Amino acid sequence: MNLDIRLRSEIQKAVTALFNQQVEQLQIQPTNQEFEGSHTLVCFPLTKISKKGPEETAKLVGEYLVAHSGLVARYNVVKGFLNLVISDQVWVNVFRSIYSDKNFGTLELNGKEIMVEYSSPNTNKPLHLGHLRNNFLGYSVAEIYQALGYKVHKVQIINDRGIHICKSMAAWQLFGKGETPESTNLKGDKLVGKYYVEFDKNYKIQIKELIEKGVSEADAEKQAPIMKLAIDLLLKWESKDSDTVKLWRTMNGWVYKGFESTYHRMGVDFEKLYYESDTYLLGKEEVLRGVESGVFFKKEDGSVWVDLTSDGLDQKVLLRSDGTSVYMTQDIGTAILRFRDFPKIEGQVYTVGNEQEYHFKVLFLILKKLGYAWAEKCYHLSYGMVDLPSGKMKSREGTVVDADDLMQEMADEAEKQTRELGKIEEATEQQIKELSEMIGLGALKFFLLKVDPKKRMLFDPNESIQLQGHTGPFIQYAHARIRAIIRKADSMEIRPGKEFDQVKSLEPAERQVIMLINSYINKLTEASRTYSPAVIANFAFDLAKEYNQFYQSIPIFNESDQAKLKFRIAFSQVVADVLQKSMRLLGIKVPERM
RNA sequence: GGUCCGGUAGCUCAACUGGAUAGAGCAUCAGAUUUCUAAUCUGACGGUUCGGGGUUCGAUUCCCUGCCGGAUCACCA
């Protein structure tokens, strides 16, 4: 059984025996580094039932535990804090059970299912730095839930319809001269993005010309020929004009193909893609149904609204007066469709930037009003913007960092540094490329994931590319070094068994590491509860750091005691495994050597 | 203006949801290696946790108030 649970029940027994009263809530926390011990019982809350001062209470509980529990070797009391020292024998047992558990860190399937949505880009702009945070976050949260025994469905919604798509189409028709990704050797998303920019450029010029001719600004925005063309395309698309639909299909196809290669490099994937062009009609139906049942209401001009003023929000439009759907309508449809597709999911996680917090608050409320119980289990995984040292990222000012470019730069830099260090002389070119990719992306992912998602963060390209410090490559390096030890042990035919009874005592660094690994499942749970991969990222960093201290202070192969030597090999093996597992939850691979 | 989120060391971030003398990384300075991979480790320096009140044994955390930054409040998505 888990040490923490055992200890908790032992303390409960002690309290009951000593004070003749049961306590449900025991406050147990990790002991501060400066004191001896691993678990600390906070005794202030117990004074009520013990009728004694905090220190006296702590002392009584401590003495009882040493005498009766078999887990606690010693204790010390500082103010009202009871610090418990677990015996090394117990720690070795904890280690052994982790070592012999092949599936450590992965819980058995619990029969629950959830859905995680992430990415969901616009189809007219290539992916950028913000999308990287989005994708890495969503993917990681999905992995974390999976490790906890959930069946996870990874999906995204593709915003494939609307005026913005038609803008790219219009510009391509006017200036494209039949260009294709093949003819230009451009990624499909980049090509379409180029025409989206082209549209904007020409649109502005045309507006300016009209204004110079004396047209008002508002009219100029409507009369600009290129905008008229885009609107015309939208109307044709909605009436299913075959040429327009064909062009729409073709250009979206280019984008999807481009995105696909970006996703592949990011290392993320999706079980199913949803398209707004497939869901907006369902949303519309649902809204009309809501009008009939009185959940929504219709205004004189025919537009449909929901009144959320009693919930402290505003009124919100759901269908325009011309009957067409808005963003919210589509999201209602999408949500319902997903629960139809996957009836067993108990909830949905939407990975979307925090500028849409209001939108999701409204969406969940509407779904609840429509009578969907699962609305309670929908969660908006909201994350902050990624800033650059130069300031805000703005596409208009050209300060956007393109996702493909950034990943390439990271890999290039990693390769440069790897070659400079020259530790991989016998590696093939192919292996160097793979390693650079692993390190470069590891650096990028770790940097973006180590920060609490809800916080706005600063991405400093120069700093992120440093491979030392609180970074992914630091952890990757720790892993690679351990693997070198394992290889050496293997070649020396030192093979640890599963019994470590002869290991009677532990070095402080060893104990620290076992304590950390013992907390892994707790960390996983915390990460899932808070939807924060940062918890895992920081855990992995702490573990690597703690192990490095052991590595530095204890030369493994100098050990003459065979039992200890074998233990330390096994110990190192477990650290490498846990590093690998926790990094995998972040979507980061760890190398055998680097 | 209303609502929501944030403000912690020079910089980038933690702090197990109310616990002990608020911790890491970077930067700066001082050390350790003829190695199990130094892409490492040890130490020093660095704090009015935005200000002011309150709640209590105890507050970065909860409440009130003010300040600063951001987001949002569209028949845009």
Side-chain angles (χ1 to χ4, degrees), chain A residues 27-35 40 42-45 47 53-54 78-81 83 122 159 161-164 276 299 301-305 312-314 316-328 330-331 353-359 361-362 382 384-385 387 389 392 417-418 420-421 423-424 439 447 450-452 454-460 463-464 466-471 473-474 476-478 480-489 519 522-523 525-526 529-530 534-535 537-538 541-542 544-545 548-558 568-569 572 593-594:
Chain A
Q27 239 192 94
I28 301 168
Q29 62 191 40
T31 304
N32 275 15
Q33 288 281 352
E34 59 200 295
F35 303 114
T40 293
V42 184
C43 292
F44 300 98
T47 54
V78 182
K79 296 181 191 169
F81 298 92
N83 300 322
N122 278 335
N159 181 9
R161 61 173 285 278
I163 185 73
H164 52 286
E276 280 183 358
K299 286 195 178 172
D301 62 3
S303 57
V304 175
W305 294 74
L313 303 172
D314 297 318
K316 187 92 189 166
V317 70
L318 298 176
L319 285 178
R320 297 192 188 97
S321 50
D322 63 4
T324 56
S325 59
V326 293
Y327 180 41
M328 188 62 76
Q330 299 164 8
D331 271 7
N354 63 7
E355 68 275 8
Q356 295 201 35
E357 267 167 15
Y358 185 76
H359 172 79
K361 207 183 268 180
V362 172
S382 164
M385 191 181 284
D387 284 320
K392 277 179 91 167
Q417 303 203 33
T418 302
E420 274 169 12
L421 276 158
K423 289 191 181 182
I424 33 130
I439 295 171
F447 199 91
K450 72 178 179 181
V451 181
D452 182 350
K454 70 170 177 283
K455 284 193 175 177
R456 185 172 185 146
M457 68 173 290
L458 183 76
F459 177 76
D460 184 337
E463 192 185 321
S464 80
Q466 300 303 317
L467 305 182
Q468 294 163 32
H470 191 189
T471 68
F474 172 86
Q476 290 173 319
Y477 180 65
R481 272 201 320 199
I482 298 175
R483 293 301 305 159
I485 290 173
I486 305 299
R487 280 194 300 274
K488 180 169 174 181
S519 73
N522 286 343
K523 296 285 179 189
T525 312
E526 191 193 334
R529 197 184 70 235
T530 57
V535 174
N538 289 324
F541 177 70
D542 288 343
K545 216 161 91 80
N548 281 349
Q549 281 178 35
F550 160 83
Y551 178 92
Q552 203 75 22
S553 57
I554 300 166
I556 295 176
F557 291 102
N558 287 1
R568 284 177 184 158
I569 299 297
S572 300
R593 50 193 101 209
M594 70 187 273

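Please read these numbers as outputs of a predicted model, since none were measured by experiment.
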Is the phosphate of [N], meaning OP1 or OP2, less than 4.0 Å from a side-chain N or O of [X]?
X: A/Gln33; N: B/rG23; answer: no
X: A/Gln468; N: B/rG25; answer: no
X: A/Lys545; N: B/rG25; answer: yes
X: A/Lys450; N: B/rA24; answer: no
X: A/Asn538; N: B/rA14; answer: no

Answer with base, sugar-phosphate or nothing: what part of the nucleic acid does [X] contact at a heavy-atom distance below 4.0 Å?
X: A/Val78; value: base
X: A/Ser519; value: nothing
X: A/Val451; value: sugar-phosphate
X: A/Asn122; value: sugar-phosphate
X: A/Pro54; value: nothing
X: A/Leu458; value: sugar-phosphate
X: A/Asp452; value: sugar-phosphate
X: A/Met594; value: base
X: A/Thr40; value: base
X: A/Pro555; value: base
X: A/Lys316; value: nothing
X: A/Arg568; value: nothing
X: A/Ala480; value: base

Considering residues at least two apart in sequence or located in another chain, which fulfil the side-chain hydrogen bond (donor to acceptor under 3.5 Å, both in side chains) criterion with [X]?
X: A/Asn538; result: A/His470
X: A/Arg481; result: A/Asn548
X: A/Ser553; result: none
X: A/Tyr551; result: none

(request) Check the geometry between A/Phe81 and B/rA20 and answer yes if their rings are stacked (centres below 5.5 Å, planes below 30°), otherwise no. (result) yes

(request) Mark this stacking check for A/Phe541 against B/rA24 as yes or no, applying ring centres under 5.5 Å and ring planes under 30°. (result) no

What pairs with [X] under salt bridge (Lys or Arg N to Asp or Glu O under 4.0 Å), at least two apart in sequence or on another chain?
X: A/Arg487; result: A/Glu592
X: A/Asp314; result: none
X: A/Arg161; result: A/Glu238

(message) Could you check whether the side chain of A/Asn83 and the base of B/rA20 have a donor-acceptor pair of N or O atoms closer than 3.5 Å, going by distance alone?
(response) yes

Taking the side chain of [X] as heavy atoms from C-beta outward, which of [options] is closest to it?
X: A/Tyr477; options: B/rU37, B/rU17, B/rA77; result: B/rU37
X: A/Lys79; options: B/rC13, B/rU21, B/rU12; result: B/rU21
X: A/Glu355; options: B/rA77, B/rA71, B/rG19; result: B/rA71
X: A/Thr31; options: B/rU37, B/rA20, B/rC57; result: B/rA20
X: A/Glu276; options: B/rA20, B/rA77, B/rU37; result: B/rA77
X: A/Ile556; options: B/rA20, B/rU17, B/rC36; result: B/rC36
X: A/Glu463; options: B/rU37, B/rG19, B/rU12; result: B/rU12

Atom pair distance, as rounded to whole Å: [atom1] in [X] and [atom2] in [N]:
X: A/Gln29; N: B/rA22; atom1: CD; atom2: C1'; answer: 14 Å
X: A/Ile482; N: B/rC36; atom1: CD1; atom2: P; answer: 16 Å
X: A/Leu318; N: B/rC76; atom1: CG; atom2: P; answer: 13 Å
X: A/Phe35; N: B/rG23; atom1: CZ; atom2: P; answer: 11 Å
X: A/Ile486; N: B/rU37; atom1: CD1; atom2: P; answer: 12 Å
X: A/His470; N: B/rU40; atom1: NE2; atom2: C1'; answer: 17 Å
X: A/Arg320; N: B/rC76; atom1: CZ; atom2: P; answer: 4 Å
X: A/Gln27; N: B/rG18; atom1: CD; atom2: P; answer: 9 Å

Show the distances under 3.5 angstrom between N or O atoms of the protein and N or O atoms of nucleotides 30-33 of chain B.
none

(message) For B/rU21, does the O4'-C1'-N9-C4 or O4'-C1'-N1-C2 angle fall within 90° of 0, making it syn, or is it anti?
(response) anti

(request) Describe, in one word, how the ring planes of A/Phe44 and A/Phe81 are oriented to each other, choosing from parallel (under 30°), tilted (30 to 60°) and perpendicular (over 60°). (result) perpendicular

(request) Between protein and nucleotides 1-6 of chain B, map the contacts as a letter string: B base, S sugar-phosphate only, - none, heavy atoms under 4.0 Å, written 5' to 3'. (result) ---S-S

(request) Using the C1' atoms only, state how far B/rA24 lies from B/rG43, rounded to an integer number of Å. (result) 16 Å

